[in-house]
Undergrad: 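For reference, the structure I am asking about is given below.
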Amino acid sequence: MSPRSEQQTIAGLEPPAVAVVDVVVTGRVARVLPDVLGIDKEFDYLVPEGADVHVGDVVRVKLGARRVGGWITALDVEPVPGVKLIPLAKVSGRGPAPDLVELAGWAAWRWSGRRANFLRSATPPAVVRSLPAPSASPALAPGVDQSATPLFQRALALERGVLRLPPGADRYALVLAAVQAEGPVVGGHTLVLCPSVAEAQTLGRRLRRDGVRTAIVAHEAGGVAAAGEWARARAGAVVVGARAAAWAPVSRLGRVVVLDEHDEVYQEEASPTWHARDVVAERARRAGAPCLLVSPTPTLEALGWGDLVVPGRGEERAGWPRVEVIDQRELDPSLGPLFSPMLVNLVRGPGRILCILNRTGRARLLACTSCATLARCAVCEAAVAQADQAEPDSGDRPGQVDDLLCGRCGTRRPMVCLACGGARFKNLRLGVSKAREELEVLAGEPVVEVTGASVEQDSAVASARLLIGTEALLHRVARADAVAFLDFDQELLALRYRAGEQALGLLARAGRLVQRGTGDRGRILVQTRTPDHPALMAARHADPGRLVEGEQPLRVALGLPPAVAMAVVSGQAAPAFMADLGEPAGVVVQGPLEGAWRLRAPNHQVLCDALATVARPPGRLRVEVDPLGI
DNA sequence: CGGACAAGCTGA
DNA sequence: CAGCTTGTCCGG
């Protein structure tokens with residue numbers, strides 16, 4: 001592990017010919033990293049007499065002609081010779097503890113970011129002058145069931161554990177077991193991450209009700225209250241939060257639990273594209289604390305990182321909903337491609353029903369008109385669209401305008417059905433609004449539409465019996481009796497290498513909605529033309545391992561994460577950056593393709609070390625390590 | 001990043 | 001050569 005050294009020392013430089021008269025430094029010296037992204041460099045300042053300062057504290061300093069904020073990254077250092085030190089302009093308040101200051105350095109290496117970016121996440125949203133006194137370890141309220149199941153005990157005993165917990169399982173019981181479990185760090189506190197702030201708040205409040213001293217760290221809440229939670233966490237408490245809480249203070253990190261580890265919201269979309277799961281895993285490793293990743297559908301990243309614990313077959317099956325797969329190829333086309341007789345039955349029956357249709361724009365989906373088989377890539381099996389341009393393919397064949405082009409691996413082939421040889425295809429692109437109208441007619445009652453953009457009244461959403469919408473609907477609604485995916489091929493065959501994993505993740509999320517509150521297993525209806533897709537097999541059998549079996553070797557064969565470490569470099573300054581980078585040993589450089597370069601290395605050590613050798617050139621540069629949208 | 005200052009261009 | 005723009009360097 002080699003986070004780049006930020007303090008620049010000028011090696012091999014002769015001492016000045018004229019002796020510099022050493023200014024006798026009487027006070028303490030603080031090294032400060034300014035909170036200015038363009039200056040990823042530290043400066044030394046004098047600590048005012050009698051000031052109470054710590055590494056991580058938030059300060060203001062004069063830098064050149066202006067005053068900027070910053071953090072103390074080191075104290076009592078030997079100042080760079082030859083510069084006249086000036087005092088800190090102000091010590092504003094408490095900031096991240098030294099371990100987080102160091103972790104920010106590691107994250108800057110790992111995701112090619114700047115330390116200030118990460119230190120911002122680790123800093124309270126309002127000034128914290130002093131920390132509340134730490135109180136005794138949590139005492140559970142009477143009547144709280146504190147027995148950990150053998151499954152939880154096994155998972156919590158692991159240093160690096162991955163617990164596969166089905167959608168219907170009681171995760172609160174796991175969290176309760178985790179905060180009480182003895183670990184190698186005596187008196188340590190547990191850090192729990194949830195995908196959303198709302199989930200974190202629900203969890204945190206419940207822990208408090210049960211007598212667990214808990215800090216809910218969420219900067220989104222903003223202001224003084226959030227700073228209070230931050231200070232409480234810093235002083236000592238169980239800490240819960242969403243992605244940003246990966247940088248929450250924990251007075252003494254005893255254990256880490258990440259719920260729904262597979263959820264993509266844990267990764268930052270903007271550069272640096274840091275992943276909360278990976279940050280807390282490293283944090284736990286440094287603290288000598290165990291880390292447990294929990295998910296109904298653990299990612300290949302998690303499975304490659306830790307030891308998997310699974311419930312018994314019966315227990316896992318009971319935690320998944322009934323998944324009914326409807327093969328749309330066998331349907332009477334008169335009802336249209338979206339509404340099978342089973343679906344019509346479902347919406348005419350009782351209960352609250354969600355219909356999901358992800359209408360994610362451009363992705364065209366083609367099906368053979370004679371045998372109804374979907375057009376897929378012959379190499380990597382992703383859905384293919386018609387090519388817009390007649391570029392030649394990798395072989396000698398001259399490319400045609402109507403070729404089938406794979407957006408994932410770039411393979412082209414003539415527009416011929418692989419199953420029956422037919423040359424005619426129909427376009428299966430569909431829209432939510434039109435689907436809503438049709439569904440309303442079929443159901444004979446109102447249907448409410450919910451998309452990410454729509455701002456439907458919560459009351460309208462809460463009271464509706466029939467709802468239709470994009471995937472966002474699964475986040476807007478807490479409970480349902482059944483969820484129907486109208487066109488699941490959009491998920492299964494999406495042009496991202498994680499499509500299969502993400503599709504199974506959606507089924508798991510839907511599974512949680514239909515299981516909550518009801519005693520028996522809820523229902524999930526999936527309409528598809530690829531009923532044998534491993535993600536569907538996995539959900540049907542309540543066995544996510546079935547997806548992993550096929551996915552793992554595919555990633556190795558195609559050179560995709562986590563079999564390799566990958567980065568994408570783009571932006572106006574990318575050519576200069578890539579020129580400086582050259583072709584480092586162990587790194588395969590591909591591109592430029594539409595202004596972006598793709599870098600692959602056997603692991604992050606090689607990849608990130610190579611990226612760290614290059615200084616950021618001026619201008620816009622986006623380095624995405626572990627890119628999402630590939 | 002943003003201010004300071006130096007080097008380069010224009011017009012008379 | 002003043003008056004302005006553009007570029008490069010540096011901050012403690």
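Sequence lines set the chain letters: A, B, ... in the order given, protein chains first and strands last, and positions in each chain run from 1. Computation of the quantities below employed the complete heavy-atom set of this structure, encompassing side-chain atoms and omitting hydrogens, waters and symmetry-equivalent molecules. What you see is a predicted model; the values in this text were computed from it and never measured.
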Undergrad: Quiz question: by atom type and distance under 3.5 Å, do the side chains of H262(A) and T299(A) form a donor-acceptor pair?
TA: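 There is no such pair (donor and acceptor under 3.5 Å, judged by atom type) between the side chains of H262(A) and T299(A).
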
Undergrad: Starting from P on dC1(B), measure out to CG on D35(A) and report it in whole angstrom.
TA: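 Whole-Å distance recorded here is 13 Å.
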
Undergrad: Nearest to the side chain of I86(A) - dG11(C), dG3(B), dG12(C)?
TA: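 Out of dG11(C), dG3(B), dG12(C), the nucleotide with an atom closest to I86(A)'s side chain is dG12(C).
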
Undergrad: Whole Å only: how far is the CG atom of L63(A) from the P atom of dA4(B)?
TA: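 Going from L63(A) (CG) to dA4(B) (P), I get 13 Å.
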
Undergrad: Atom CZ of R67(A) to atom P of dG2(B): distance rounded to whole Å?
TA: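 After rounding, the gap between these two atoms is 17 Å.
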
Undergrad: Could you state the NZ-C1' distance from K41(A) to dG2(B), rounded to the nearest angstrom?
TA: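 Distance, rounded to whole Å: 14 Å.
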
Undergrad: Categorize I39(A) for me: base, sugar-phosphate, or nothing, with a 4.0 angstrom heavy-atom threshold over every strand shown.
TA: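 Base: the residue I39(A), judged by heavy atoms under 4.0 Å, touches a nucleobase.
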
Undergrad: Rounding to an integer number of Å, can you tell me how far K62(A) NZ sits from dG11(C) C1'?
TA: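 K62(A) atom NZ is separated from dG11(C) atom C1' by 9 Å.
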
Undergrad: Select base, sugar-phosphate, or nothing to describe what G64(A) touches, counting heavy atoms under 4.0 Å on all strands.
TA: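 Counting heavy atoms under 4.0 Å across all strands, the contact made by G64(A) is with sugar-phosphate only.
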
Undergrad: When you check the side-chain N and O atoms of W109(A) and D609(A), is any donor under 3.5 Å from an acceptor?
TA: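 Present: a donor and an acceptor within the cut-off.
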
Undergrad: Nearest whole Å is fine: how far is dG12(C) P from D44(A) CG?
TA: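 From D44(A) CG to dG12(C) P: 11 Å.
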
Undergrad: For S196(A) and E199(A), test the side chains for any donor-to-acceptor distance below 3.5 angstrom and give the result as yes or no.
TA: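 There is such a pair (donor and acceptor under 3.5 Å, judged by atom type) between the side chains of S196(A) and E199(A).
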
Undergrad: Expressed as a whole number of angstroms, how long is the span from R28(A):CZ to dG12(C):C1'?
TA: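 It works out to 18 Å between those atoms.
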
Undergrad: Report the distance from atom CG of L628(A) to atom CD of E268(A), rounding to the nearest 0.5 Å.
TA: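 Taking CG in L628(A) and CD in E268(A), the distance rounds to 10.0 Å.
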
Undergrad: What's the CG-C1' distance between N117(A) and dC1(B), to the nearest Å?
TA: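 So the CG-C1' distance, N117(A) to dC1(B), works out to 14 Å.
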
Undergrad: If you check the A65(A) side chain, which of dG11(C), dG3(B), dC1(B) turns out closest?
TA: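 Closest nucleotide among those given: dG3(B).
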
